[in-house]
Amino acid sequence: MATYARVLLSGSTNGKPIPVVAVATVGTLVHTAQTGTTGFDEIYLWVSNVTAAAATLTIEYGGVTDPGDHACKAVSIPANSAPILILAGLNLNNALVVRAFSGTASALNVTGYVNRIA
């Protein structure tokens, strides 16, 4: 029988927002999935823009190859936005990594959680 546990994003400190400081690949670390291939992490991410100008967001999902490893690429996030759902339950395992970068350093914050299924 599978077990489920909600866990914080590994790139977060105590569940706080993760500032996207990277402006190109390799992006800012958001989350590292659980090790192995028998379980998986179901990942939910929101992004908010904390500046007065729109900024773009790219999510690198499990690698950094363009476009194969991009869950989204150069998505425009409006200025002063509330959190916007950007990943809704995508699965990842085998210690693969989710990263983010923006056209503007420190304009975007990523929040979220993981349902860890083993």
Side-chain angles (χ1 to χ4, degrees):
M1 175 189 265
T3 60
Y4 297 80
R6 183 172 286 190
V7 297
L8 300 173
L9 297 170
S10 62
S12 172
T13 302
N14 301 317
K16 293 175 63 175
I18 301 166
V20 179
V21 296
V23 294
T25 192
V26 171
T28 300
L29 175 67
V30 174
H31 182 70
T32 302
Q34 65 178 292
T35 303
T37 58
T38 58
F40 59 93
D41 286 357
E42 182 181 73
I43 302 168
Y44 293 83
L45 298 180
W46 286 261
V47 63
S48 56
N49 186 337
V50 295
T51 67
T56 59
L57 173 71
T58 298
I59 298 289
E60 297 172 317
Y61 198 79
V64 297
T65 303
D66 182 7
D69 292 324
H70 287 178
C72 66
K73 181 176 178 180
V75 173
S76 183
I77 307 300
N80 299 312
S81 67
I84 298 166
L85 182 63
I86 201 77
L87 290 183
L90 295 183
N91 298 318
L92 199 63
N93 65 7
N94 211 21
L96 294 178
V97 175
V98 178
R99 297 182 178 273
F101 65 88
S102 174
T104 307
S106 300
L108 303 177
N109 284 342
V110 173
T111 56
Y113 64 89
V114 171
N115 288 326
R116 182 153 286 164
I117 304 166

Gap between atom CG of Asn115 and atom CZ of Phe40 - 0.5 Å precision: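 With rounding to 0.5 Å, CZ (Phe40) is 9.0 Å from CG (Asn115).
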Same apolar cluster: Trp46 and Ile43, side chain cutoff 4.5 Å: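 No, separate clusters.
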Validation row: Ser10, Val97 side chains within 4.5 angstrom (heavy atoms):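 Not in contact.
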Result of checking Asp41, Leu96, Val114, Val7 against Gln34 for side chain to side chain contact (heavy atoms under 4.5 Å, CB included):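 Considering Asp41, Leu96, Val114, Val7, a side chain to side chain contact (heavy atoms under 4.5 Å, CB included) with Gln34 is found only for Asp41.
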Contacts of type side-chain hydrogen bond (donor to acceptor under 3.5 Å, both in side chains), residue Asp69, not counting sequence neighbours: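 Thr65.
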Tyr44: ring pair (Phe, Tyr, Trp, His ring centres under 6.0 Å) partners, not counting sequence neighbours: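 For Tyr44, the residues satisfying ring pair (Phe, Tyr, Trp, His ring centres under 6.0 Å) (neighbours in sequence not counted) are Tyr113.
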Within residues 84-106 or reaching into it, pairs that qualify as salt bridge (Lys or Arg N to Asp or Glu O under 4.0 Å) - sequence neighbours excluded: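 Those involving residues 84-106 do not exist here.
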Separation between OG of Ser48 and CG of Leu108, rounded to the nearest 0.5 Å: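 Separation between the atoms: 7.5 Å.
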Residues that Thr25 engages under side-chain hydrogen bond (donor to acceptor under 3.5 Å, both in side chains), provided they are two or more places apart: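 Thr25: side-chain hydrogen bond (donor to acceptor under 3.5 Å, both in side chains) contacts with Glu60.
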Shared hydrophobic cluster, Leu92 / Leu8 (ILVMFWY, side-chain heavy atoms < 4.5 Å):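 No, it is not one cluster - the side chains of Leu92 and Leu8 are not joined through contacts under 4.5 Å.
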Spatial distance of atom OG (Ser102) from atom CG (Asn109) [nearest 0.5 Å]: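 So the OG of Ser102 and the CG of Asn109 are separated by 10.5 Å.
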Sub-4.5 Å side-chain heavy-atom contact between Thr104 and Thr51: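 Counting from C-beta outward, Thr104 and Thr51 never come under 4.5 Å.
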Student check: side-chain heavy atoms of Ile59 and Leu57 closer than 4.5 Å: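 Heavy-atom side-chain distance check passes, below 4.5 Å.
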Leu9 side chain near Leu45 side chain, heavy-atom distance below 4.5 Å: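 Counting from C-beta outward, Leu9 and Leu45 do come under 4.5 Å.
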Minimal non-hydrogen separation, Ala53 against Ala79, with atom names: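 In this case the closest contact between Ala53 and Ala79 is N-CB, 3.5 Å.
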Reported CG-to-CG distance for the pair Asn80 and Asn49, which is rounded to 0.5 angstrom: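 Rounded to the nearest 0.5 Å, the CG-CG separation comes to 6.5 Å.
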With Asn94 via side-chain hydrogen bond (donor to acceptor under 3.5 Å, both in side chains) - residues at least two apart: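 Asn94 satisfies side-chain hydrogen bond (donor to acceptor under 3.5 Å, both in side chains) with no other residue.
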Cluster overlap Leu29 with Val64, hydrophobic side-chain contacts below 4.5 Å: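 They do not share one cluster, since no chain of ILVMFWY contacts under 4.5 Å joins Leu29 to Val64.
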Co-membership, hydrophobic cluster, residues Leu87 and Val110, 4.5 Å side-chain: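 They do share one cluster, since a chain of ILVMFWY contacts under 4.5 Å joins Leu87 to Val110.
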Thr58 side-chain N/O to Ala74 backbone N/O, donor-acceptor pair under 3.5 Å: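 Looks like yes, one N/O pair under 3.5 Å.
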Determine all donor-acceptor pairs shorter than 3.5 Å in which one atom belongs to a side chain in residues 11-23; sequence neighbours excluded.
residue : atom : partner : partner atom : Å
Ser12   : OG   : Gly15   : N            : 3.1
Ser12   : OG   : Lys16   : N            : 3.0
Ser12   : OG   : Lys16   : O            : 2.7

